[in-house]
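Computed over heavy atoms, backbone and side chain alike; hydrogens, waters and symmetry mates excluded. Chain naming here is simple, since letters A, B, ... match the order of the sequence lines and numbering starts at 1 in each. Worth saying up front: this structure is predicted, and the values here are computed from it rather than measured.
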Amino acid sequence: MNTMIRFRAISASSQSKFLFLLLRPKNPMANSSSLGLCTTATSQSPSPYGYGDDSLITEALQLLQSSQDEWSKTDHLRCLISLDSSSPRLAIHITRRLSSSSLAIRLFDYLHEGSPSLDTALLSSIFQAVLELASREPDAQTKLPELVKISKERNLPLTINSATLLIRYFRRFNMVDESLAVFNELDPFLRNTHVRNLLIDLLLQSGRLHDALHVLDEMLQPEGEWKPNEITVEIVFSSLLRRERSWGSMGEEEIVELALKFGEYGVSPNSVWITKLITGLSRNGKTARAWDILNELMNMGAAVEVASCNALLIALERHSEFKKMNALMEKMKEMDIQPNVVTFGILINHSCKYRRVDEALEVFERMNGGKESDAIAVQPDVIIYNTLIDGLCKVGRQEEGLGLVERMRSQTGCAPNTVTYNCLIGGFAKAGEIDKAHELFDKMNKEGVPPNVITLNTLVDGMCRHGRVTAAVNFVNEMQSFGLKGNANTYTVLINAFCNVNNTAKALELFDQMLAKGCPPDAIVYYTLISGLSRAGRLDDASSIASRAKEAGYGLDVVCYNTLIGGFCRQNKIDKAYELIKEMEELGVKPDSVTYNTLISFFSKNGSFKTAHIILKKMTKSGLVPTVVTYGAIIHSYCLNGKVDEAMKIFKEMCSASKVPTNTVIYNILIDSLCKNNDIEQALFLMDEMRCKGVRPNVTTYNAVFKGLKENNLLEKAFVLMDRMIEQACCPDYITMEILTEWLSLVGETDKLRDFLQGYQIQTSTA
DNA sequence: TTAGGGTTAG
């Protein structure tokens, strides 16, 4: 309402000024025939343009309809429009209503010629109307650049509106250089935020990053008049962060700096862009930078939302920066950013990952309202439940997982889904409760929860791990008839299972079957088969599968080469092993310590300590450090050659000088050898040393010592070790039983043997 | 939020 009144008031005053100018004697047009016409204008009723403008416009337009010769010969039109008025309003309105821009430009020239001393600002405004008219014409794309040229020729500066009109129009046709030229022509004082935003947007869209940043940079200068606004930030960030993985030619550090610079001007990227920035930085391993920028933005008062914090929490978790995770949670509290269901999901998942399920359950209770006064109630969703159920199943607490399903059902809108069942089936299957797993599978089908290929694979894996390999194959076939097809993963599980029971023929058959069924094998299937065949000594078949893997585009990695090299070494085919090493070199696959250890072991075992030593030297030269396995291979070979003293010497050197941590296997090698050499004292000394160093003996250690003790009939010592074995929950195997049964029966100590075995029964029941 | 494999010394 107020605007309306003001508009009319201005119109009325300009109208009177207009009349006054017309009547002024010094105005050449005042004496012309137009006087009568001009005065009649005052009697007109109000119009949107001002009192009486309508009839003036009508008359002018009528006149302009006639041929140019007619109106250009007379001053009548000039009088009518009266450009000497400080208000260009009337001329602008007339121009806007002309039939074409070419007519408009003729009128413009006519008026300009009639009043050469006119204010350029006034002329620029009229010219703006010409541009407006041209922009609506079908051939605007050619006309507008021509008009820009005309304005330049006539030294006519563009108004800010002309410039925005032109850039906006040029943007539609991706006329980047034309837009840039318009901007550069524009009076620097007129280059406002709006026109800069338009131009930056266009430049970024056309990939002219450098030019865009130049325009932007001027806005970010402290002395600059035009500052960035929210739209600037939106334009810049939507362009820079549009692509998910790459940030184009602009470095991430520059983007971070830009974000912070914007922050200094009180504008910052919105939550979506901040989140993308954090995610992008984290993905490139720059978690520390992501942490810095989020904190800085928070301190600047930017609108940081929970989603951005979640992105950083995920990154920190991934990089094991747990202290920072806590600090971020604290900061969120301080900034009053409420955690949401995703935040709790991250925390619960984190605890579960490290098998701290009780901690996860605590977080879960806290999100449910908990006991604490500052607890925040956030409704858990199916993902939260599934994460917890999976966590419980992974630590063997699958029954509790089932309990959570009931709790989940009691909550509205939260029913168990396929993932829920997959986790539970996995839990029971791994625990060997295959029947229970099948029961759950039936239950989910009954409830209308569709099983997927993960359900199938989880169940199949459980079956295979618990000796039901044939049943697993049948189950896969059965499911296929119901439309639940297996994938490469399914075949990997089955192939691995058959390789583990030394049935490589069946493994190969399954591989052919998967190809026949159109299921494409992936790298893992190939590697599994290569390993299985190598372990079975079928090196030709393993090599052939390796060739097929390479043909399929799955190059062998170092582990795969090691598998094959190990296989050939076991068969004494060192030439074949060397061929593979040559191939590795050619393909740029660097041998690792396992490769070297395999070769060192091979040569040591064959008594070629010299060659083994040369390889060891090569190993250290390539920057690899000899490991406990390297020493183990050499020590073992010395032992096999009856040089136990030499082996002990190397072992001591390994512990003292090289400071390589020992393990059970290396102690077993030495203890076994010492016992065989009847040096039981030294063997028992090493066992004590193991105890001191916290290296746990296993059944192999005990078997070696029992054998030695038996030879020397050191019965009391054997009883002590039998008790210790029970204490350590180290289960005897058939070798232990063979040694002890024979020995203890012979010396009439079968009661001790019975107690020994009972110790395990008690332990199993208490466990 | 859920599923698979492989290497070296005893």
What integer distance in Å separates A/Tyr421:OH from B/dT1:P? 21 Å

Enclosure of A/Lys693 NZ (heavy-atom neighbours >12, cutoff 6.0 Å): yes

In whole angstroms, the gap separating P of B/dA3 from OH of A/Tyr491 amounts to 21 Å

Can you find a donor-acceptor pair, distance only, under 3.5 Å between A/Thr492 side chain and B/dG5 base? no

Please tell me if A/Arg465 has a side-chain N or O lying less than 4.0 Å from either OP1 or OP2 of B/dG5. yes

Side chain of A/Asn698 only, heavy atoms from C-beta on: which candidate in B/dG10, B/dT7, B/dT1 is closest? B/dG10

So, does the side chain of A/Ser531 form a donor-acceptor pair with the base of B/dG5 at under 3.5 Å? no

Between B/dT8, B/dT1, B/dG10, which nucleotide gets closest to the side-chain atoms of A/Val665? B/dG10

Please classify the nucleic acid contact of A/Val629 as base, sugar-phosphate, or nothing, using heavy-atom distances under 4.0 Å. base

Distance-only side-chain donor-acceptor flag, A/Asn386 / A/Asn417, under 3.5 Å: yes

Aromatic ring pairing A/Phe475/A/Phe441, orientation class (parallel under 30°, perpendicular over 60°, tilted between): perpendicular

Counting only side-chain heavy atoms from C-beta out, which of B/dG5, B/dA9, B/dA3 sits nearest to A/His636? B/dA9

Without decimals, in angstroms, what is the distance between A/Lys676 NZ and B/dG10 P? 11 Å

Just call it for A/Cys560: base, sugar-phosphate, or nothing, with non-hydrogen atoms closer than 4.0 Å on any strand. base

Using a 4.0 Å heavy-atom cut-off, does A/Ser601 contact any base of the nucleic acid, only the sugar-phosphate backbone, or nothing at all? sugar-phosphate

Identify which nucleotide among B/dA3, B/dT2, B/dG5 has an atom closest to any side-chain atom of A/Asn457, counting heavy atoms from C-beta outward. B/dA3

Report yes or no: is there a donor-acceptor pair, N or O only, under 3.5 Å between the side chain of A/Asn487 and the base of B/dG4? no

Of the candidates B/dA3, B/dA9, B/dT1, the side chain of A/Ile669 sits closest to B/dA9

Sequence neighbours excluded, every pair satisfying salt bridge (Lys or Arg N to Asp or Glu O under 4.0 Å) that has a member inside residues 616-640 of chain A: none

Starting at atom CG of A/Asp461, determine the distance to atom C1' of B/dT2, rounded to an integer number of angstrom. 13 Å

Could you check whether A/Ala704 gets within reach of a base, just the sugar-phosphate, or nothing at all, counting any heavy atom under 4.0 Å? nothing

A/Leu599 CG to B/dT8 P: how many Å, rounded? 12 Å

In whole angstroms, how far is the P atom of B/dA9 from the OH atom of A/Tyr631? 18 Å

Which nucleotide in B/dT7, B/dT2, B/dG4 has an atom nearest any side-chain atom of A/Asp390: B/dT2

Salt-bridged, A/Glu439 to A/Lys436, with N to O below 4.0 Å? yes

Would you kindly give the CG-to-P distance between A/Asn496 and B/dA3, to the nearest whole Å? 17 Å

Consider the side chain of A/Ile454, meaning its heavy atoms from C-beta on, and name the nucleotide among B/dA3, B/dT1, B/dG10 that approaches it most closely. B/dA3

B/dA9 base to A/Asn597 side chain: any donor-acceptor pair below 3.5 Å? no

Given B/dG4, B/dT1, B/dA3, the nucleotide with the shortest approach to the side chain of A/Thr458: B/dA3

Base B/dA3 paired with A/Asn452 side chain (donor-acceptor, <3.5 Å): no

Need one value for A/Val558: base, sugar-phosphate or nothing, where a base atom within 4.0 Å counts as base even if backbone is also close, heavy atoms only. nothing

Measuring to OP1 and OP2 of B/dT8, would you say a side-chain N or O of A/Lys605 lies under 4.0 angstrom away? no

Touch class at under 4.0 angstrom, heavy-atom based, for A/Asp381 against every strand present: nothing

For A/Leu529 and B/dG5, give me the distance from atom CG to atom P, rounded to whole Å. 14 Å

Under 6.0 Å from the six-membered ring centre of A/Tyr638 and within 45° of its axis: does the NZ or CZ of A/Lys643 meet both? no

Can you name the side-chain hydrogen bond (donor to acceptor under 3.5 Å, both in side chains) partners of A/Ser601, sequence neighbours left out? none

Among the candidates B/dG10, B/dT2, B/dG4, find the nucleotide nearest to the side-chain atoms of A/Lys394. B/dT2

